[in-house]
Amino acid sequence: MTVQQYDAIGEAFEGFKALPIMRYAEVPSVLELVGDVTGRSIIDVACGTGFYSRQFKRRGATDVLGVDISSGMIDAARAIEARDPLGVRYEVGNAAELGPVERPFDIALGIQCLNYAETVEELERMCRNIHRSLVPGGAFYVFAQNPDYAFDCASLEDYGFRCEPVGEENGVGPKVRITALLDAGPISFVTAVPSRQAYEKSLAAAGFRDVEWVPLTISEEGLRTHGEEFWAELRAHPPLELLRCRA
């Protein structure tokens, strides 16, 4: 998916978070992974329309900067900020070309960010730029496709998505087409699935340490709403995974 296609989505991107896998798995997993942000500063790289930027500002973060390569996404984020001011700042920027920040941040988020690298060199450059944006010991949290997902399990459509290999690879791994089944109509985009080795080597080369993979979990609300059986396939073959490390 090109930057121009993201530009065209705008605030429709907010609808992703209402899909079952997002509402009951991604969002609670990310919030639990990051934990208490009271008094912390955060850079949200590939922030989209600023969903997590706003979440963490409401949870007590003192300074939040959202950065995204798509001007359309940033325009939408700024429009939401104008309607409901929280004090979140937004800038257009590419993780692979991120310049030095005025003050390093305590926490960096990379939600569906690193998997857009086209080459290992670009992946390492993204990691170096994010590392440079953090204070020593600062935390970096990543959310992306599960590197081990085999695409041979039952459909994910009950959870609000389709996930299909496109039969091509770039420099970091196979490409996949993700389709969000929104009420207003499906939205598709293509990303890569870097290997664990590609992630871990690039993070280490950038200076990150204590790399830990964290499985996706289902919230208690999700279990109450849909029941255990509904989530059985997702638990058996999780398409998404989280990662944390420190600068």
Side-chain angles (χ1 to χ4, degrees), residues 25-48 50-57 59-69 73 88-91 93-147 172-173 191-217 240-247:
E26 179 202 305
V27 173
S29 293
V30 170
L31 296 180
E32 181 179 0
L33 181 71
V34 177
D36 185 10
V37 297
T38 304
R40 314 296 294 280
S41 58
I42 298 176
I43 182 168
D44 183 3
V45 186
C47 68
F51 176 86
Y52 285 108
S53 299
R54 294 190 297 277
Q55 289 286 321
F56 289 115
K57 193 68 169 68
R59 283 166 168 73
T62 53
D63 179 30
V64 180
L65 172 63
V67 179
D68 199 277
I69 193 172
M73 290 290 181
V88 179
R89 299 177 291 128
Y90 295 103
E91 295 179 2
N94 182 349
E97 300 171 5
L98 201 63
V101 295
E102 186 176 341
R103 277 197 309 272
F105 293 85
D106 299 311
I107 294 169
L109 300 176
I111 308 298
Q112 300 287 17
C113 170
L114 299 182
N115 46 308
Y116 280 93
E118 291 289 334
T119 64
V120 170
E121 291 75 19
E122 185 178 11
L123 181 58
E124 287 187 8
R125 192 160 64 249
M126 288 180 172
C127 293
R128 290 183 191 279
N129 291 341
I130 293 169
H131 186 279
R132 185 177 57 188
S133 300
L134 287 167
V135 299
F140 181 31
Y141 300 101
V142 176
F143 181 84
Q145 277 73 32
N146 179 351
V172 297
T191 181
V193 185
S195 67
R196 290 187 193 278
Q197 183 182 36
Y199 277 119
E200 292 170 6
K201 288 184 67 175
S202 296
L203 289 164
F208 285 103
R209 56 187 171 82
D210 301 332
V211 176
E212 180 184 1
W213 291 91
V214 180
L216 192 72
T217 59
L240 302 164
E241 195 163 3
L242 303 94
L243 180 156
R244 62 182 162 205
C245 54
R246 294 205 169 271

> Got a second to check how far Arg244's CZ is from Ile107's CD1, nearest 0.5 Å?
Replying inline: 12.5 Å
>> As an exercise, state the distance from CD of Glu212 to CZ of Arg246, rounded to the nearest 0.5 Å.
In response: 10.5 Å
>> Assess the residue pair Phe105 and Val64 against the criterion (side chain to side chain contact (heavy atoms under 4.5 Å, CB included)); give the C-alpha distance rounded to whole Å, side-chain angles, the decisive distance to 0.1 Å, and a yes or no.
In response: CA-CA 9 Å; Phe105 293 85; Val64 180; over 6 Å; no
> Can you tell if the side chain of Ser202 reaches within under 4.5 Å of the side chain of Val120, non-hydrogen atoms only?
Replying inline: yes
> What is the distance from atom CE of Met126 to atom CG of Asn115, rounded to the nearest 0.5 Å?
Replying inline: 8.5 Å
>> Do Ile111 and Glu26 have side chains that approach each other closer than 4.5 Å (heavy atoms only, starting at C-beta)?
In response: yes
> What distance separates Ser53 OG from Tyr90 OH, expressed to the nearest 0.5 Å?
Replying inline: 4.5 Å
> Taking all non-hydrogen atoms of both residues, which atom of Ile130 and which atom of Leu114 are closest, and how far apart?
Replying inline: CD1-CD2, 4.3 Å
>> Evaluate Leu240 against Gln112 for side chain to side chain contact (heavy atoms under 4.5 Å, CB included), listing each step before the verdict.
In response: CA-CA 10 Å; Leu240 302 164; Gln112 300 287 17; 3.7 Å; yes
>> According to side-chain contact (heavy atoms from CB on, under 4.5 Å), who are the partners of Glu102, at least two apart in sequence or on a separate chain?
In response: none
Do any side-chain atoms of residues 136-144 form donor-acceptor pairs under 3.5 angstrom with protein atoms, and if so which ones, sequence neighbours left out?
none

> Shortest non-hydrogen contact from Ser29 to Leu216?
Replying inline: OG-CD1, 3.7 Å
> Is there a donor-acceptor pair under 3.5 Å between the side chain of Arg125 and the backbone N or O of Ala96?
Replying inline: yes
>> For a quick test of reading the model, state the closest non-hydrogen atom pair linking Ala192 to Gly173 and the distance between them.
In response: CB-O, 4.4 Å
>> I need the minimum non-hydrogen distance between Thr62 and Gly39, along with the two atoms involved.
In response: CG2-CA, 3.4 Å
> Counting only heavy atoms not in Arg209, do more than 12 sit closer than 6.0 Å to its CZ atom?
Replying inline: yes
> Can Val34 and Arg59 be said to form a side chain to side chain contact (heavy atoms under 4.5 Å, CB included), step by step?
Replying inline: CA-CA 11 Å; Val34 177; Arg59 283 166 168 73; over 6 Å; no
> Looking only at heavy atoms, which two atoms of Ala95 and Asn129 are closest? And how far apart?
Replying inline: O-ND2, 2.9 Å
>> Closer than 4.0 angstrom, basic N to acidic O: yes or no for Asp63 and Arg89?
In response: yes
> OG/Ser133 to CG/Asp106 distance, rounded to the nearest 0.5 angstrom?
Replying inline: 12.5 Å
>> Could you report the tightest heavy-atom contact between Glu241 and Trp213, atom names first, then the distance?
In response: OE2-CB, 3.6 Å
>> Using the rule given for side chain to side chain contact (heavy atoms under 4.5 Å, CB included), can you reason through Phe51 versus Val27, listing the C-alpha separation, both sets of side-chain angles and the distance that settles it, and then say yes or no?
In response: CA-CA 10 Å; Phe51 176 86; Val27 173; 3.8 Å; yes
>> Under a 3.5 Å distance rule, please check whether Arg132 uses its side chain to pair with a backbone N or O of Ala206 as donor and acceptor.
In response: no
> Taking the side chain as C-beta and beyond, is there a heavy-atom pair between Tyr116 and Asn94 under 4.5 Å?
Replying inline: no
> If you round to the nearest 0.5 Å, how far is CD of Glu32 from CG of Leu242?
Replying inline: 9.5 Å
> Do the non-hydrogen side-chain atoms of Met73 and Cys47 ever get within less than 4.5 Å of each other?
Replying inline: no
